[in-house]
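Numbers restart at 1 for each chain; the letters A, B, ... are given by sequence-line order, proteins then strands. All figures in this text were calculated on a predicted structure; none of them were measured in a lab.
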Number of protein chains: 2
Amino acid sequence: MGDHVSGKGLKRADLARRTGCNLETIRYYEKIGIMPEPPRTASRYRVYDERHVARLRFILRGRELGFSLDELRELLRLVDRGTQTCAEVKTMTEQHLAEVRTKIADLKQIEKVLAATAAQCSGGEVPECPVLETLAS
Amino acid sequence: MGDHVSGKGLKRADLARRTGCNLETIRYYEKIGIMPEPPRTASRYRVYDERHVARLRFILRGRELGFSLDELRELLRLVDRGTQTCAEVKTMTEQHLAEVRTKIADLKQIEKVLAATAAQCSGGEVPECPVLETLAS
DNA sequence: GATAAGGTCTGTAGTAACTACAGACTCAAA
DNA sequence: TTTGAGTCTGTAGTTACTACAGACCTTATC
């Protein structure tokens, strides 16, 4: 069913396989309205096509790049509107890029403290520990 | 009440002020067993002392350094046992450090893609957009 | 045709680490 | 005494999933 109708009807598991997405996540994306409700067979099985594959890939790629689902929803809204401008998308991307850079800076600071502290450890069977002192300070 | 008993009884809001911790978070940490249940007044108000301040600061500092609550629970268990060794703590720290470094590497890769893509944007009022093409690819 | 295996359906619960709120109670000061 | 502020409890909401139970459907095999 689905697949033989026109040679391109995909079931949920097919969509999952094609995109690498988790099976349940597809349903979740539909529920929160970031993936459109697909047509159904008579017995209520979801039927996807290539546009669903493309959209889900877009979302997954965006997630890989650290966009939140809300940001992707907005990005997709611009795409769907069909009249988005490069300027709008660029602004969102630069905002996100700034957040990513902030996170990197935060983590680098954490790394610095952890590395410096661990380096002070004797690693021996002693109760004194620089890490615990750092945490307590 | 609390404060005048011996000059060091702290109420929940006092503990929050002293540590910078959110008021509700204190109750949450108690609920999940990472902060001990403090003694109570007759009317069931929590009463904290300096040891609670120290422990909460330990937790908050650990969170700042990216340790999970589970990791901190383990760290505190070692502390409470009183016989922890520097070696045990060092191992946990180095494991965490490795995770932090992985996260930094991931984010740097993301940053690279985002920066390169945004740089390609004309920023103009055109519908073509390198960001969207990157996401779709 | 019967049956068994596997896919899909729904709703719901669990995860991390909080944060916030409602409604009841208590405390301190004017 | 009354008012305002603080505290108590339990519970719900957040992000982005993931997993499961129990019912239904489809497909293959005999």
Please state whether the phosphate of C/dT10, meaning OP1 or OP2, lies under 4.0 angstrom from any side-chain nitrogen or oxygen of A/Arg46. yes
Output yes when at least one side-chain N/O atom of B/Arg40 is less than 4.0 Å from OP1 or OP2 of D/dT9, else no. yes
Tell me: CZ of A/Arg27 to P of C/dT10, nearest whole Å? 7 Å
Output the single nucleotide from C/dA17, D/dT9, D/dT26 whose closest atom is nearest the side chain of B/Ser68. C/dA17
Quickly work out the B/Ile32 CD1 to C/dT19 P distance and round it to whole Å. 12 Å
What's B/Arg63 touching, base or sugar-phosphate or nothing? Going by heavy atoms closer than 4.0 Å. sugar-phosphate
Between D/dA16 and A/Asn22, is there an OP1 or OP2 to side-chain N/O distance shorter than 4.0 Å? no
Could you state the atom-to-atom distance from CG of A/Leu23 to C1' of D/dA21 in whole Å? 15 Å
Specify the separation, in whole Å, of atom OH of B/Tyr48 and atom C1' of D/dT7. 11 Å
Mind checking A/Tyr29 for me? I need base, sugar-phosphate or nothing, with any heavy atom below 4.0 Å counting as a touch. sugar-phosphate
In whole angstrom, what separates B/Arg12's CZ from C/dA20's C1'? 12 Å
Just compare C/dT19, D/dA16, C/dT10 and give me whichever is closest to any side-chain atom of A/Leu69. D/dA16
Please write out the pairs of protein N or O atoms and N or O atoms of nucleotides 1-7 of chain C separated by less than 3.5 Å, giving the distance to one decimal.
residue, atom, partner, partner atom, Å
C/dG7, N2, A/Tyr45, OH, 2.7

